[in-house]
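Single-structure report; data block below.
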Amino acid sequence: MNRSITPWGEHALTRYPEDPRDQLRAWDASDDYLLRHLADREAEDGVRAALGGTVVVVGDRWGALTTALAARRTASAGPAGPPPVQISDSYLGQQATRANLARNEAGEARLLSTRDTPPDRVDVLLVRVPKSLALLEDQLRRLAPAVHADTVVVGTGMVKEIHTSTLDLFERIIGPTRTSLAEKKARLIFSTPDPSLARAPSPWPKTYQVDADAGLASGLTVVNHAGVFCAERLDIGTRFFCKNMPTGDGPFRAVDLGCGNGVIGTALAAANPRAEVLFADESHQAVASAEATYAKNGAANPAEFAVADALDGLAPGSVDLVLSNPPFHSHQAMTDATAWRMFTTSRRALRQGGELWIVGNRHLGYHLKLKRLYGNCELVAGDAKFVVLRAVKR
Ligand code: SAM
């Protein structure tokens, strides 16, 4: 476990799920830079007063910022303001934050998802710039009405994550914006709120209609909240999957694992009126999108929607079929850890004879993993780029 040294204490931080072999840190130089900056400015009257009000942290990856701010509040000699509020799209990030707060006895924080109603007044707004510009715009637009002339607004990110388009968003939605010098490849963003700026609503969610050449997904209307995978058009891997999905008649219980906007599970439900579908994803934006996509297409099948880490927590043997287009990167890093977790938790959740069907880039070599875990793996379909694979729990 790695220890983060902050102005308000040293904190042992981990990612979620915890993996002792995982040497990746749960924070980076942009978190350190932001915390140092706040500590340096704490002596300024305006900043001290703001820090005693409602402090909101958007996009904290694994809870490093929230843990430090909760510890600051716990340690403060004067009257403590409300606990810091974290707004996150990621269930994994929220679970990590809970564990990091508890392990370090840092004190309380209020954890909200990106779909929850944000606080109606924000005195300090700290933004860890997300990978998705759309998600940043959506969150800034949702929070702008709560920002007032004295709100301290600071963004942070690694230099490679902060683009002109990122700064334009702060400028258009919050007010005049400048950046700090880079330190250890991280940069801060300072925005001065301009209450006279016109308040436009978030342009999200956005909807598109799938064309006729997409197998079981043909003609579906897909609803996408900001930041979901392939929000503007059908992914080519998903398209290939929808052309090669199982078409058996129910009744059975299926899962759309890593559902994103829910197009795969909705296509399955439309083709199998007796199938019951669980849509699961670690992103709150994704699960909300899947729910909206499902409702929009009028399928009458029973459906459930869950924010979860793969199929962790699902009763063993309770599922007949799992469908997935697994992710192959997480927070910018290429990794097959998530796919592996999806395959292992699916195996546990499947009944004997139940099936996992996946689509993946041919070069990812998922068939080797599935063979190792399930003892079998069949190629259902393949083209130059993608394969659809099927593994049976025996
Ligand atoms: N099924 C959708 C499609 O085909 O358009 C989305 C596929 S996208 C390649 C992978 C999805 O897996 C993303 O929506 C991502 O949020 C989700 N995901 C990543 N890690 C996860 C985890 N640990 N548990 C559940 N879902 C996860």
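Start at 1 and go down the list; that is how both ligands and their atoms are numbered.
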Using a 4.0 Å heavy-atom cut-off, say whether M342 meets ligand 1 through its side chain, its backbone, both or neither. side chain
Is the closest heavy-atom distance from A308 to ligand 1 below 4.0 Å? yes
Taking the six-membered ring for Trp and the single ring otherwise, decide whether the centroids of F343 and Y366 are under 6.0 Å apart. yes
C259 touching ligand 1 at heavy-atom level, < 4.0 angstrom: yes
If you measure every N or O of D235 against every N or O of ligand 1, does any of those distances drop under 3.5 Å? no
Do you know which of V55, T6, L65, L126 makes side-chain contact (heavy atoms from CB on, under 4.5 Å) with L38? L126
Tell me, yes or no, whether the heavy-atom count around E105 atom CD, taken from other residues, nucleotides or ligands under 6.0 Å, exceeds 12. no
So, applying side-chain hydrogen bond (donor to acceptor under 3.5 Å, both in side chains) with R128, which one of D60, T156, D28 is it? D28
Looking at ligand 1, would A310 count as a contact under a 4.0 Å heavy-atom criterion? yes
Indicate yes or no: does an N/O atom of T238 lie under 3.5 Å from an N/O atom of ligand 1? yes
V263 versus ligand 1: do any nitrogen or oxygen atoms come within less than 3.5 Å of each other? no
Could you list the residues that satisfy side chain to side chain donor-acceptor pair (under 3.5 Å) with D19, not counting sequence neighbours? R21
Check this for me - ligand 1, D309, N or O atoms closer than 3.5 angstrom, yes or no? yes
Could you give the distance from CD1 (I173) to CG (D194), rounded to the nearest 0.5 Å? 13.0 Å
Which of the atoms in ligand 1, numbered in the order shown and given with their element, are less than 4.0 Å from a heavy-atom of I264? 1 (N), 4 (O)
Looking only at N/O atoms, are S283 and ligand 1 under 3.5 Å apart anywhere? no
Is any side-chain heavy atom of Q285 closer than 4.5 Å to a side-chain heavy atom of T114? yes
Identify, with sequence neighbours excluded, every residue that meets side-chain contact (heavy atoms from CB on, under 4.5 Å) alongside A29. M158, K184, A186
Please indicate whether any nitrogen or oxygen in T338 is less than 3.5 Å from any nitrogen or oxygen in ligand 1. no
